[in-house]
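Worksheet: one structure, shown below.
For clarity, every value in this text was computed on a predicted model and none was experimentally measured. Chain A is the first sequence line, chain B the second, and so forth, proteins listed ahead of strands; every chain is numbered from 1.
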Amino acid sequence: MNMDTIVSLAKRRGFIFQSSEIYGGTGSCWDYGPLGVELKNNIKRVWWRDNVHLRSDMVGLDASILMHPTVWKASGHVDHFTDPMVDCRACKRRFRADQLDGGPWVHYCPVKANNKFEVPGGEPCKHCGSRRTLCPECGKGELTAPRQFNLMFKTFMGPVEEDASVTYLRPETAQGIFVNFDNVLQAMRLKLPFGIAQIGKSFRNEITPGNFIFRTREFEQMEIEYFVNPRDSVDGKPADEYWHERWIEDRLAWYGRYGIRSDNVRLREHGRDELSHYAKRTADIEYRFPMGWSELEGIANRTDFDLKQHAKFSGKSLTYFDEERKEHIIPYVIEPSAGADRSLLAFLVDAYREEEVRGEKRVVLQLHPELAPLKIAVLPLLKKREEIVKTAQAIRGDLARRWVTVYDDTAAIGRLYRRQDEVGTPYCVTVDVQTVGDPDKGEAGDRQVTIRDRDSMGQIRVAIGELAAVFERLFGGESWAALAPRYPSPSQKT
RNA sequence: GCGGGAAUAGCUCAGCGGUAGAGCGCCAGCCUUCCAAGCUGGGGGUCGCGGGUUCGAAUCCCGUUUCCCGCUCCA
């Protein structure tokens with residue numbers, strides 16, 4: 001299983017195209033094709049449903065991408081969201097300038113001949129007293145001057161490029177939530193703990209984008225800011241720590257619910273040294289991508305950092321009145337921040353299977369039915385029989401009001417099934433001669449059709465009038481294995 | 001940004017100085033009563049782009065862009 005297989009399938013079947021491909025492509029940008037946009041919308045929809053609609057303590061928000069520039073001063077992005085890089089001229093290794101002095105370094109001591117050794121981080125050499133000036137890895141090369149660049153896209157508000165109108169494309173959706181904290185609190189009369197969810201585009205000038213849609217400069221986030229009263233305690237724990245645990249469990253379970261195999265996800269706790277400036281604790285949900293374990297979602301305890309910062313910079317009070325204690329407090333916030341594009345990639349990779357069926361390779365995307373871009377394909381067994389085609393198209397029109405349903409008659413039935421398998425369509429409906437009857441033989445149709453299951457390739461016979469009810473059950477969560485035995489299987493000729 | 005690899009049809013790739021190819025896919029027709037069947041026909045590429053060498057360049061040289069793998073990253 002490698003990424004190229006997925007990239008190729010994604011392009012060939014209309015999931016993901018490279019941006020501006022006819023101009024040679026543009027670095028790190030990707031476009032979602034007809035099936036890709038369905039899949040992505042489905043992911044966002046179930047995320048929203050599960051995290052907003054099904055909970056009584058969550059509300060939604062859609063903030064603008066362009067915000068007041070001071071937002072990014074307050075959030076720390078202008079000052080901290082930079083990676084000053086230096087390169088070793090000898091060994092070509094690259095380092096972050098701000099992390100150079102902390103680590104141990106290789107030293108060729110001029111006092112002790114032939115003595116190459118490692119000096120602990122931040123300390124001078126015991127023998128000659130010199131400090132590190134060369135590359136810490138090879139000890140030989142000079143380092144280039146640090147190149148300071150901010151990871152935010154700078155842009156200009158208004159038609160004239162004046163300094164006063166400089167702002168940024170947001171590097172995270174979170175700040176849109178923090179600056180609206182008080183608006184939402186007032187408008188919705190909320191009580192802690194409660195959360196605000198948002199899905200939207202963010203932009204980062206990544207130094208090295210890559211790995212298909214994994215790291216791109218324009219990407220979509222699905223973020224939650226869950227506000228808690230740090231003075232409360234739940235189950236003997238401070239509320240922020242309790243809710244942090246809860247969100248970690250919930251979010252991990254969410255990926256499993258939509259089909260990600262448990263072997264392919266894991267939790268990774270951040271070490272103290274890698275915590276962001278605002279975080280008290282962070283845990284990542286990682287997925288085993290073709291290129292290795294990588295982050296799918298980060299769940300951070302951001303404490304009261306953001307609300308405090310925005311209160312300070314805006315001069316507005318961003319507090320919550322604790323009725324019991326009769327005091328104003330600044331809530332702590334738990335942030336489950338997921339990548340929509342990364343989730344999509346994980347769902348795609350995880351669903352991809354190659355099977356052998358009758359000596360032939362079958363490629364099948366075993367996407368969860370709720371995520372599958374197409375839900376049902378209606379196929380005529382014979383496209384020469386007008387009655388079959390008419391019936392199939394009528395069924396498609398009927399089912400399409402409720403599920404994304406397509407009709408295809410451009411190949412033999414076997415090929416049509418495989419096409420649908422390759423894009424993960426959970427069910428196919430096939431109309432045959434029995435359905436409509438054979439006037440030449442004076443036979444009347446039985447008005448039944450075949451439903452074929454993607455994963456098992458099993459088939460059942462169902463009356464046309466009963467189709468919607470059967471699909472209601474299948475898409476409502478009833479398994480094929482439970483439902484199929486209650487229906488006859490079609491009489492097949494081989 | 002540095003090092004390494006690559007760029008030819010929708011996809012996978014062959015061709016490596018002498019008129020652009022294959023398999024698969026796609027489209028049309030015939031055939032076909034349930035799992036990538038068969039037959040016939042068809043569309044589709046100024047060989048990433050720009051220069052150079054040459055009688056002649058997909059092929060050799062230089063530059064450039066994009067992609068992939070590392071360094072880095074954290075949705």
Hey, does the side chain of Arg362(A) come within less than 4.0 Å of rA36(B)'s phosphate (OP1/OP2), counting only N and O?
no

Does the plane of the ring in Tyr226(A) sit parallel, tilted or perpendicular to the ring in Trp243(A)? Use 30° and 60° as the thresholds.
tilted

Backbone of Gly339(A) reached by a side-chain donor or acceptor of Ser343(A) within 3.5 Å
yes

May I have the distance from Leu382(A) (atom CG) to rC35(B) (atom P), rounded to whole angstrom?
13 Å

Does a side-chain N-to-carboxylate-O contact under 4.0 Å join Glu269(A) and Arg281(A)?
yes

Determine, answering yes or no, if Tyr417(A) is stacked on rA36(B) under the 5.5 Å centre rule and the 30° plane rule.
no

If you only use heavy atoms from C-beta on, which nucleotide in rA37(B), rA75(B), rC34(B) is closest to the side chain of Ser337(A)?
rA75(B)

Please state whether the base of rC35(B) and the side chain of Arg415(A) form at least one donor-acceptor pair under 3.5 Å?
no

According to the interplanar angle, ranging from 0 to 90°, do the rings of His77(A) and Trp72(A) count as parallel (below 30°), tilted (30 to 60°) or perpendicular (above 60°)?
perpendicular

Please state whether the phosphate of rG29(B), meaning OP1 or OP2, lies under 4.0 angstrom from any side-chain nitrogen or oxygen of Lys384(A).
no

Opposite nucleotide pairing with rC24(B), Watson-Crick or G-U, both atom distances under 3.5 Å
rG10(B)

Arg418(A) side chain N/O closer than 4.0 Å to the phosphate oxygens (OP1, OP2) of rC35(B)?
no

In whole Å, I'd like the distance from the CG atom of Leu267(A) to the P atom of rC74(B).
19 Å

Here the distance between atom C1' of rC67(B) and atom NZ of Lys11(A), to the nearest Å, is 12 Å

In whole Å, what is the span from the CD atom of Gln434(A) to the C1' atom of rC34(B)?
11 Å

I want to verify a distance call: between rA28(B), rC68(B), rC74(B), whose nearest atom is closest to the Thr410(A) side chain?
rA28(B)

In whole angstrom, what separates Arg302(A)'s CZ from rC74(B)'s C1'?
13 Å

Atom-pair distance (CE on Met222(A); C1' on rA75(B)), nearest Å
9 Å

Paired with Phe214(A), the ring-ring contact (aromatic ring centres under 6.0 Å, His included) test is passed by just one of Phe289(A), Tyr287(A), Phe219(A), Trp293(A), namely Phe289(A)

Compare the minimum distances between each of rU33(B), rC35(B), rA28(B) and the side chain of Arg385(A), then state the nucleotide with the smallest one.
rU33(B)

N/O (side chain, Thr173(A)) to phosphate O (OP1/OP2, rA75(B)) under 4.0 Å:
no

Report yes if a side-chain nitrogen or oxygen of Asn211(A) is closer than 4.0 Å to either non-bridging phosphate oxygen (OP1 or OP2) of rC67(B); otherwise report no.
no

In whole angstroms, the gap separating C1' of rA36(B) from CD of Gln420(A) amounts to 13 Å

Just checking Glu297(A): base, sugar-phosphate only, or nothing, at a heavy-atom cut-off of under 4.0 Å?
sugar-phosphate

Is any side-chain N or O of Ser8(A) under 3.5 Å from a base N or O of rC11(B), one able to act as donor and the other as acceptor?
no

Report the nucleotide, chosen from rG29(B), rA75(B), rC34(B), that has the shortest atom-to-atom distance to any side-chain atom of Lys383(A).
rG29(B)

What's the CZ-P distance between Arg204(A) and rU72(B), to the nearest Å?
19 Å

So CG of Leu35(A) and CZ of Phe15(A): to nearest 0.5 Å the spacing works out to 4.5 Å

Using a heavy-atom cut-off of 4.0 Å across all strands, would you classify Arg12(A) as base, sugar-phosphate, or nothing?
sugar-phosphate

Looking at rC35(B), which nucleotide sits across from it as a Watson-Crick or G-U wobble partner, both distances under 3.5 angstrom, or is there none?
none

Taking only the side-chain nitrogens and oxygens of Arg419(A), find out if one of them lies under 4.0 Å from OP1 or OP2 of rC26(B).
yes

